[in-house]
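Please read the structure below before turning to the comments.
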2 protein chains.
Amino acid sequence: MAIIFSRKCELGIQAVLYLASAEGRDIISSEEIANELKIPKEFISKILQELTASRIIASKKGKMGGFSLAKNPNKIHLLDIVLAIDGSDIFSKCVLGFPHCSSETPCPMHATWSQLIDETFKMLSEETIDNYKNKVLRKIESLK
Amino acid sequence: MAIIFSRKCELGIQAVLYLASAEGRDIISSEEIANELKIPKEFISKILQELTASRIIASKKGKMGGFSLAKNPNKIHLLDIVLAIDGSDIFSKCVLGFPHCSSETPCPMHATWSQLIDETFKMLSEETIDNYKNKVLRKIESLK
DNA sequence: TTTTAATCAGACAAAAACATCTGATTTATA
DNA sequence: TATAAATCAGATGTTTTTGTCTGATTAAAA
């Protein structure tokens, strides 16, 4: 089966969007995020740790601890999260799995695929969490 | 790590392109394909079996047996191979992994992502094996 | 008719991704 | 100061994907 983003990356984006949507409320626990997004607490905790290490979000330990965005949501791009969790392979690796695929030794699909990937990269690097944070609450409603 | 096509799908496209590039030569063994593409014979054999079952390629059993395209290369689209091996999830599943994502209950990225996926679908459904078969030989040269 | 060389089918093995568990550490509050 | 509630770190378990192996079947050629 083909996939675009790993499960960890999907949930990482969901979680960051949820944190952005909770503006005004200082700190959110991993338990609340897990409950709202209907995903396992243990798994999202691991992902939140990775995002904290990448300084996309910040954590506060101890009682009343939890997570918050590390910067203004209009400064966090979708691309930041994708690179932090999945890395850059999707943008650089050969779509047909050939080794050393480049414009010098292109695979058959290199030219056509590059265009689509460039567009995808552009979108992810331009769109910010701020642009999406309101939409996530509506989606969460539909999960209930 | 994120991926687009599964490894089986990558190699499936490679193999079909190789068969297309060998026009005039009636039948090609899985061993030749494996040697040329520098991939394990056993693995590509399994993939060739799947492509045979989907009637994208045809097989001939027994001594001097092997594989050939099941139809004219300008009738085989990249999409046919992707659907046969990876299915349609990549075109229909939510990019953020939410359940039941649609234009009625869209995820935050639904609209932007749909555009990119539609373009990708269009490309894969329009481009034929015929358009790419010559390029694969040049790529194979670079593997040697 | 026997041998040889190929695909086919299904079981098996290894690696990666996904998910969970346990215990340590941190910090607010009673 | 003791307790409770949170993150953190690392080990462990499970599932999926990737890759391999074995034996059966098929068909060409000696």
Side-chain angles (χ1 to χ4, degrees), chain A residues 1-15 19 25-35 37-70 82 85-87 89-90 93 96-97, chain B residues 1-15 19 25-35 37-70 82 85-87 89-90 93 96-97:
Chain A
M1 195 228 292
I3 62 162
I4 301 288
F5 300 132
S6 70
R7 185 73 181 140
K8 278 162 77 176
C9 189
E10 290 176 353
L11 297 182
I13 297 174
Q14 289 190 20
L19 288 177
R25 304 179 47 209
D26 213 27
I27 276 187
I28 312 268
S29 71
S30 62
E31 186 158 25
E32 174 178 337
I33 298 173
N35 288 340
L37 298 173
K38 309 280 184 239
I39 54 187
K41 179 177 177 304
E42 293 79 10
F43 195 33
I44 197 65
S45 294
K46 272 280 170 244
I47 297 166
L48 291 166
Q49 277 181 48
E50 285 189 43
L51 291 168
T52 304
S54 310
R55 304 190 184 281
I56 290 167
I57 64 178
S59 73
K60 180 161 180 287
K61 297 180 195 172
K63 193 170 180 179
M64 301 299 280
F67 299 88
S68 58
L69 296 185
V82 172
I85 298 182
D86 279 346
D89 279 8
I90 199 176
K93 288 264 180 156
L96 294 186
Chain B
M1 196 228 292
I3 62 163
I4 301 287
F5 301 132
S6 71
R7 184 76 180 140
K8 278 162 78 174
C9 189
E10 291 175 354
L11 297 182
I13 297 174
Q14 289 190 20
L19 287 178
R25 304 178 48 209
D26 213 23
I27 275 186
I28 312 267
S29 71
S30 61
E31 186 157 26
E32 173 178 339
I33 297 173
N35 288 339
L37 298 174
K38 311 281 185 236
I39 54 185
K41 179 178 176 304
E42 293 80 8
F43 195 34
I44 197 63
S45 293
K46 272 281 169 245
I47 297 167
L48 291 166
Q49 276 182 48
E50 285 188 43
L51 291 168
T52 303
S54 311
R55 303 188 185 284
I56 291 167
I57 64 178
S59 72
K60 182 162 179 287
K61 295 180 196 173
K63 193 170 181 178
M64 302 299 279
F67 299 87
S68 57
L69 297 185
V82 172
I85 297 182
D86 279 346
D89 279 7
I90 200 176
K93 288 264 181 154
L96 294 185

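Hydrogens, waters and symmetry mates play no part in the numbers below; they use all other heavy atoms, side chains included. Keep in mind that this is a model prediction, so the values were computed, not measured. Every chain is numbered from 1, with letters handed out A, B, ... down the list of sequences.
With values rounded to the nearest 0.5 angstrom, A:Glu32 atom CD is found 9.0 Å from A:Leu19 atom CG. With rounding to the nearest 0.5 angstrom, the CG atom of B:Leu51 is 8.0 Å from the CD1 atom of B:Ile44. From A:Ser30, atom OG reaches atom CD of A:Gln49 across 9.5 Å, with rounding to the nearest 0.5 Å. Rounding to the nearest 0.5 angstrom, the gap separating the CD1 atom in A:Ile33 from the CD1 atom in A:Ile39 is 8.0 Å. Between the CZ atom of B:Arg25 and the OG atom of B:Ser68 there is a distance of 12.0 Å, given to the nearest 0.5 Å.
As a whole-Å value, the separation of A:Glu10 CD from C:dA17 P is 14 Å. Across the protein-nucleic acid pair, B:Glu32 atom CD and C:dT7 atom C1' stand 16 Å apart, rounded to whole Å. What separates CD1 of B:Ile27 from C1' of D:dA28 is a distance of 12 Å, to the nearest Å. We find that CD of A:Glu31 is positioned 13 Å from C1' of D:dA4, with the value rounded to whole Å. D:dT7 atom P lies 11 Å from atom CD1 of A:Ile44, rounded to whole Å. Computed from coordinates, the A:Ile39 CD1 to C:dA19 P distance equals 10 Å when rounded to whole Å. As rounded to whole Å, 11 Å separates atom P of D:dT7 from atom CG of A:Leu19. For the pair B:Ile47 CD1 and C:dA9 C1', the computed distance is 16 Å after rounding to whole Å.
Looking at A:Leu11 and A:Leu37, their side chains never come closer than 4.5 Å, going by heavy atoms from C-beta outward.
Proximity of a side-chain donor or acceptor of A:Gln14 to a complementary backbone N or O of B:Leu96 within less than 3.5 Å is detected. Under the 3.5 Å distance criterion, the side-chain polar atoms of A:Asp86 are matched with a main-chain donor or acceptor of A:Ser6.
Taking the charged nitrogens against the carboxylate oxygens, B:Glu10 and A:Lys93 have no contact shorter than 4.0 Å, which rules out a salt bridge.
In this structure, B:Ser45 reaches neither bases nor backbone, as no heavy-atom distance under 4.0 Å exists between it and the strands shown.
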- Indicate for each nucleotide in nucleotides 24-30 of chain C, in 5' to 3' sequence, whether protein heavy atoms under 4.0 Å reach the base (B), only the sugar-phosphate (S), or nothing (-). --BBB--
- Task: Produce a footprint string for nucleotides 14-24 of chain D: one letter per nucleotide, 5' end first; B if the base is under 4.0 Å from any protein heavy atom, S if only the sugar-phosphate is, - if neither.
- Result: ---SSBBB---
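Contact annotation: B:Ser30 reaches the phosphate of C:dT7 (side-chain N/O to OP1 or OP2, under 4.0 Å). Regarding contacts with the backbone of D:dT7, every side-chain N or O of A:Thr52 stays at 4.0 angstrom or more from both OP1 and OP2.
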